[in-house]
Amino acid sequence: MHIEQLTCALGAEVSGVQLADAIHDDGLFAQLRELLLRHRVLFLRNQAISRSEHVAFARRFGDLEDHPVAGSDPDHPGLVQIYKRPDQPLDRYENAWHTDATWREAPPMGCVLRCVECPPVGGDTMWANMVLAYQQLPADVKARIEGLRARHSIEASFGAAMPLDKRLALKAQYPDAEHPVVRIHPETGEQVLFVNAFTTHFSNYHTPQRVRFGQDANPGAGELLRYLISQAYLPEYQVRWRWSAGSIAIWDNRSTQHYAVMDYPACHRKMERAAIKGEPTF
Ligand code: SIN
């Protein structure tokens with residue numbers, strides 16, 4: 001196995017390995033799991049892996065979950081099809097920095113994304129290290145956000161383009177989730193800046209300590225949230241991956257955000273993603 005770190009922030013390309021072998025090889029799987037915690041995103045090219053093997057490999061980390069809006073492969077539950085076709089309009093939900101499904105009380109712990117087909121150029125995916133983003137925050141901002149919690153909404157994201165009745169039904173099924181603004185990574189104990197495109201507002205900001213007459217004691221909850229969300233946009237925290245058919249990314253969804261770059265003309269881009277169930281953030 002050869003490991004090549006891709007940026008100073010996160011991401012490593014792993015070569016000399018077939019992920020299908022890790023389905024039955026406990027030692028190989030343990031090595032990959034350890035590498036994932038260290039590098040946060042692992043990339044592998046030229047993977048000869050079937051859909052069943054993709055599911056079986058991801059299931060080594062835990063149970064898989066489907067997505068209420070994006071469809072799954074009917075023959076492989078848990079394998080979400082992120083397919084773009086030439087006849088589709090170029091408006092795409094994933095084109096915002098996000099951590100997957102933080103509108104769930106227990107967002108996925110990680111994902112395994114396989115490229116089936118991609119544009120000849122463009123359509124890369126980027127990831128950001130949200131542990132580093134937290135570490136690099138100015139001390140006064142760290143003090144301001146200590147103890148803050150925030151709401152994450154499927155209604156205001158995937159639901160936004162739906163007619164009212166469908167949007168409200170989606171919200172009834174998936175009420176907004178609340179997470180700490182600084183999450184503790186359950187395996188490494190690291191502090192993670194945990195707000196993203198699904199985050200709508202702080203849920204415990206408006207207290208007498210911060211709000212006296214109007215907002216005068218400590219203004220700007222909205223601005224503070226926007227500032228925190230924008231930290232993922234900094235190139236110093238990022239890695240960018242150029243896809244080819246048969247390449248795979250495995251990411252730790254607890255400590256990263258990602259962004260699918262929508263710079264390509266209308267064409268086929270076929271990605272299949274297994275999302276592994278995570279734990280509540282408390
Ligand atoms: C995702 O947002 O999980 C998918 C990323 C991609 O399609 O590159």
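Start at 1 with the first residue, then count along the sequence. Remember, it's 1-based here, ligands and their atoms both numbered in the order they're listed.
- Residues Trp127 and Phe43 place their aromatic rings such that the two centres sit under 6.0 Å apart.
- Of all atoms in ligand 1, numbered sequentially from 1 with element shown, those under 4.0 Å from a heavy atom of His98 are 2 (O).
- Dense packing is recorded around NZ of Lys142, with more than 12 heavy atoms of other residues, nucleotides or ligands lying under 6.0 Å away.
- Between the choices His67, Arg269, His258, Met262, the shortest heavy-atom distance to atom 6 (C) of ligand 1 belongs to Arg269.
- For Glu34 and Arg38, the salt-bridge test passes: some basic side-chain N is under 4.0 Å from an acidic carboxylate O.
- Checked against a 3.5 angstrom limit, the closest N/O atoms of Trp251 and ligand 1 fall outside it.
- Using a 4.0 Å cut-off to heavy atoms of Ile82, the atoms of ligand 1 that qualify are 4 (C).
- Without hydrogens or angle criteria, Ser153 side chain to Ala156 main chain gives a donor-acceptor distance under 3.5 Å.
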Given Asp124 and Arg240, is the salt bridge (charged side-chain N to carboxylate O under 4.0 Å, His left out) satisfied, shown in steps? CA-CA 7 Å; Asp124 300 353; Arg240 179 170 180 143; 2.8 Å; yes
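- With ligand atoms numbered from 1 in the order given, ligand 1 contributes 5 (C), 6 (C), 8 (O) to contacts under 4.0 Å with heavy atoms of Leu113.
- Within ligand 1, counting atoms from 1 as listed, the ones closer than 4.0 Å to a heavy atom of Ala260 are 6 (C), 8 (O).
- At a 3.5 angstrom cut-off on N or O pairs, Arg273 counts as close to ligand 1.
- For ligand 1, the atoms sitting less than 4.0 Å from at least one non-hydrogen atom of Thr125 are 6 (C), 8 (O), numbered in the order shown with element in parentheses.
- Note: Phe61 and Phe57 meet the aromatic proximity criterion, with ring centroids under 6.0 Å apart.
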